[in-house]
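Computation of the quantities below employed the complete heavy-atom set of this structure, encompassing side-chain atoms and omitting hydrogens, waters and symmetry-equivalent molecules. As the structure lists them, so they are numbered: ligands from 1, and atoms in each ligand from 1.
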Amino acid sequence: MNKENLQKKAKQILDANFNEDKGFTIPCEGLYPFQWNWDSGFIAIGFAHYDSNKAKREIEALLSAQWENGFIPHIVFHNDSDTYFPGPDFHLSKLHPLASKSHRTTGMTQPPVLGFVLKEIYDIVDDKENMLNFIKQNIDKVFFNHQHFYNHRDPNQEGLVFIYHNWESGTDNSPIWDDIWETMDPPNYKFERRDTTHVDAAQRPTNREYDYYLHLIEIAKAHNYDDAKIAELSPFLVQDPLFNAMLIKSNEALIELYEMIGDSEDKISTLKAWQEKAITRFNEKLYNEKLGAYVHYDLRNEKQIEHLSSSSFAPLFSNIPTKAHADVMVKTLIKKFGGEDRYLCASFDPESDRFNPKKYWRGPIWINLNWMLYNGLNNYGFTDIANRVKEDSITLIEKYGFYEYFDSRKSVTENAGYGGNNFSWSAALLLDLLKD
Ligand code: DGY
């Protein structure tokens with residue numbers, strides 16, 4: 001497919017997945033029938049390239065479900081659907097006294113991309129004045145969200161926030177969590193999976209993994225989604241390098257946007273203080289010298305989780321590593337993930353015995369992580385390897401279609417696009433990758 005046809009197809013996918021009535025975009029039909037938090041951010045970047053009104057509506061729809069304490073949930077159930085489990089009746093966000101009164105949502109969040117998304121869409125559109133007005137109307141909501149994180153998700157006040165559920169990480173069933181599952185013994189819940197009616201079960205988490213996922217939600221629900229109780233009791237309490245890198249990148253974008261808006265000195269100095277503390281602690285606590293990249297920190301059990309994943313390189317996107325660390329990280333990336341027989345970048349260390357090239361976040365390539373890696377490598381001047389990440393992303397979509405995730409092995413001869421098809425963020429970020 002030539003560039004024009006790819007762009008045309010990407011726009012068709014986004015437009016078909018956009019719900020005109022409610023103003024949001026599903027990640028893909030059947031498998032994910034609601035609005036997902038970080039998906040929406042990436043989708044807005046795609047829309048900004050050809051329909052800035054939809055980009056704005058996407059963001060407004062997500063913010064319309066913001067809780068009264070600033071929290072922005074991971075799913076907004078704008079509509080009913082019986083094609084997804086667990087739905088609103090399982091999550092019961094209304095247990096929290098400050099949950100959205102107008103929308104049913106989950107009681108967990110996702111990587112906080114909105115801040116940098118606002119800056120990206122501002123940079124993309126032609127009518128800057130119009131977009132800056134939109135940003136002025138919404139930026140304080142994003143600031144409030146960051147404030148909520150630092151006040152309620154950072155019990156040691158060290159500048160790094162925790163996640164209490166693997167679905168908050170965005171990298172839902174990563175092998176990173178396997179050690180945490182070993183510390184838990186949830187009941188065998190009775191439930192009806194819906195995801196495996198849309199997608200081959202070999203590409204999705206196991207039923208036993210769902211027991212862990214549901215159990216963590218049950219613990220949070222038993223305490224009305226109270227962050228302090230969750231910090232005290234959840235067996236899953238992790239400082240995730242991807243999640244914290246997104247927050248730091250979004251802080252940086254908010255500073256730039258408030259500077260453009262003017263008259264915002266208090267907020268800018270608060271953001272700068274958060275940044276300084278967060279970046280210092282991030283480098284002290286999450287960098288792993290032996291592995292040559294960043295890793296997750298298990299806050300419940302007070303130890304680093306020593307595995308490499310695509311999240312290990314996300315800090316490049318947020319200008320967190322020193323140049324010396326960035327040099328080492330690129331060597332690690334090429335050595336472990338970048339063999340000639342592979343497309344970049346697998347979501348989990350291909351040399352690990354936990355690697356699975358087909359299963360959700362246990363190995364396949366994701367376009368959103370590749371988009372971050374491409375931009376992150378460019379930040380540090382690694383343009384050749386950045387271009388390889390970009391070209392690999394385009395090739396995978398051209399070859400297999402707009403799938404949710406892809407096999408990193410070049411040797412695979414059958415269709416190596418997995419998960420949902422006509423996947424919105426793959427379409428949206430392809431539009432951004434093709435922009436020049
Ligand atoms: C799922 O159901 O797998 C979702 O990605 C959770 O966010």
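Contact atoms of ligand 1 toward Tyr32: 1 (C), 4 (C), 5 (O) (distance under 4.0 Å to a heavy atom of the residue). Listed by atom number, the atoms of ligand 1 under 4.0 Å from Tyr84 heavy atoms are 1 (C), 2 (O), 4 (C), 6 (C). Close approach to Trp167 involves these atoms of ligand 1, each under 4.0 Å from a residue heavy atom: 6 (C). Proximity to Arg204 (heavy-atom distance under 4.0 Å) selects the following atoms of ligand 1: 1 (C), 2 (O), 3 (O).
In terms of protein heavy-atom proximity, atom 7 (O) of ligand 1 is nearest to His74 NE2, 2.8 Å.
In His165, neither the side chain nor the backbone holds a heavy atom less than 4.0 Å from any atom of ligand 1. Heavy atoms of Asp172 found under 4.0 angstrom from ligand 1 belong exclusively to the side chain.
A distance of 8.0 Å separates CD in Gln239 from CG in Leu237, rounded to the nearest 0.5 Å. We find the CD1-CG distance between Ile121 and Leu114 to be 9.0 Å, quoted to the nearest 0.5 Å.
Asp349 and Arg342 are not joined by a salt bridge, as no carboxylate oxygen comes within less than 4.0 angstrom of a charged side-chain nitrogen. With salt bridges taken as basic N to acidic carboxylate O contacts below 4.0 Å, none links Asp298 and Arg300.
A heavy-atom separation below 4.0 Å is found between Tyr360 and ligand 1.
The only member of Tyr287, Tyr380, Phe282 that meets ring-ring contact (aromatic ring centres under 6.0 Å, His included) when paired with His325 is Tyr287.
Checking side-chain atoms of Lys221 against main-chain N and O of Phe90 turns up a donor-acceptor pair under 3.5 Å.
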